[in-house]
Amino acid sequence: MEFDAALLALPVKMVLVAAIVVSGSLAAQKAGPFVGGLIATLPISAGPAYVVLAMDHGPAFIAESAVGSVSINAVTVIFAMTYAVLARRGAGGLGSIAGAIGVWLLAALAIRTMTPPLWFGLLVNAAALAVGVPLARRFSRVVIPASDGPRPVDLVLRALAVATLVGVLSVVSWHIGAVASGILALFPIVISSILVVTHRAIGGPAAGAVAASSVYGLAGFAAALTAVHLAAIPLGSAAALLIGLAICVMWNGMLFTLRLRRLRRVAAAA
């Protein structure tokens, strides 16, 4: 009965997710690579996916799903840097995204087989960020040419992709378990679509800079997922997800403020 009710509510969920993705993607596309990377790592797709899971399952399921998501967040760091390297080497938009997603899928399969505990996920995140942050500093130093922004068809396809992910997750989460649902919830659809559109519009180096800049935001996302895991059972799914969202927003807001202050100091010195 609960599964049937979830299916009836599925179209509404998918439409709401599509609207969120369009608005978030527009904001990212109009910003520079650093701000675009921060926006891309806000829970634009993972957030709605987790809301769907919370509507369909209890707090214990959300807590266990977050453990899988913590580990896969480290894989997303690797995804971003793989794309940045391939894009800078002239692999093309489709080649770069195919290589990055291929790496993500292989690593996700390994994590699903291992079902690692939370401490392992945090350790892998620390290792990935220790390598990714220095690379991000190198690859994000790019002059971005002017762009007219995304075409309407790009936004439609992007929204459909994320809405489809949420629809699939809502159905298969009843069969694949909490850890696998947490992994699937973090499939990098939004950032992939932003990178592909950016690559086509203003070139590989610019798209690589956006990918590299997303690494900074992913550090805060790991902390947010850890908080969701710890808070879901004692406080409930809704409170846990709100805490996770607050951490993401505050972390990215702090990064943006620090970046703005640095740019002002550079401008004043010049």
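Asn73 contributes atom CG, which lies 12.0 Å from atom CD1 of Ile183 (distance to the nearest 0.5 angstrom). With rounding to the nearest 0.5 Å, the separation of CG in Leu122 from OG in Ser71 is 8.0 Å. Of the inter-residue distances, the one linking Met81 atom CE with Leu86 atom CG reads 11.0 Å to the nearest 0.5 angstrom.
One N or O on the side chain of Asn125 and one on the backbone of Val70 form a donor-acceptor pair closer than 3.5 Å. When atom types are taken as modelled, the side chain of Ser214 and the backbone of Ala211 share a donor-acceptor pair closer than 3.5 angstrom.
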query: Does the pair Ser65 and Leu53 meet the rule for a side chain to side chain contact (heavy atoms under 4.5 Å, CB included), with working shown?
result: CA-CA 9 Å; Ser65 296; Leu53 290 177; 4.3 Å; yes

field: Stepwise side chain to side chain contact (heavy atoms under 4.5 Å, CB included) test for Tyr83 and Ile97
entry: CA-CA 6 Å; Tyr83 186 95; Ile97 202 64; 3.8 Å; yes

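Between Val67 and Pro117 there is no side-chain heavy-atom pair separated by less than 4.5 Å. Here the side chains of Ile243 and Val228 are not in contact, with every heavy-atom distance at 4.5 Å or above. Residues Leu225 and Leu186 have side chains in contact (heavy-atom distance under 4.5 Å, counting atoms from C-beta outward). Using a 4.5 Å heavy-atom cutoff, the side chains of Ile62 and His57 are not in contact. Proximity of Ile78 to Trp104: side-chain heavy atoms (C-beta onward) are nowhere separated by under 4.5 Å. Annotation: side chain of Leu255 is not in contact with side chain of Arg259 (no heavy-atom distance under 4.5 Å). By the 4.5 Å heavy-atom criterion applied to side chains, His229 and Leu118 are counted as neighbours. Residues Phe187 and Ile101 are in side-chain contact: their nearest non-hydrogen atoms beyond the backbone lie under 4.5 Å apart.
The aromatic ring centroids of Tyr216 and Trp251 lie 6.0 Å or more from each other.
Residues Leu129 and Val131 share a single hydrophobic cluster, defined by chaining ILVMFWY side chains whose heavy atoms lie under 4.5 Å apart. Residues Leu241 and Met55 fall within the same hydrophobic cluster, defined by Ile, Leu, Val, Met, Phe, Trp and Tyr side chains chained together at heavy-atom separations under 4.5 Å. A single hydrophobic cluster is not seen to contain both Leu109 and Leu105; linkage of ILVMFWY side chains at heavy-atom distances under 4.5 Å, directly or through other members, places them apart. Phe221 and Val124 sit in two unconnected hydrophobic clusters of ILVMFWY residues. Membership requires side-chain heavy atoms under 4.5 Å apart, directly or through other members. Linking ILVMFWY side-chain heavy atoms closer than 4.5 Å, directly or via other members, places Val133 and Leu135 in a single hydrophobic cluster.
The local environment of CG in Leu235 is crowded, with over 12 non-hydrogen atoms from other residues, nucleotides or ligands closer than 6.0 Å.
Taking Ser69 as the reference, Tyr50 meet the side chain to side chain donor-acceptor pair (under 3.5 Å) condition, with sequence neighbours excluded.
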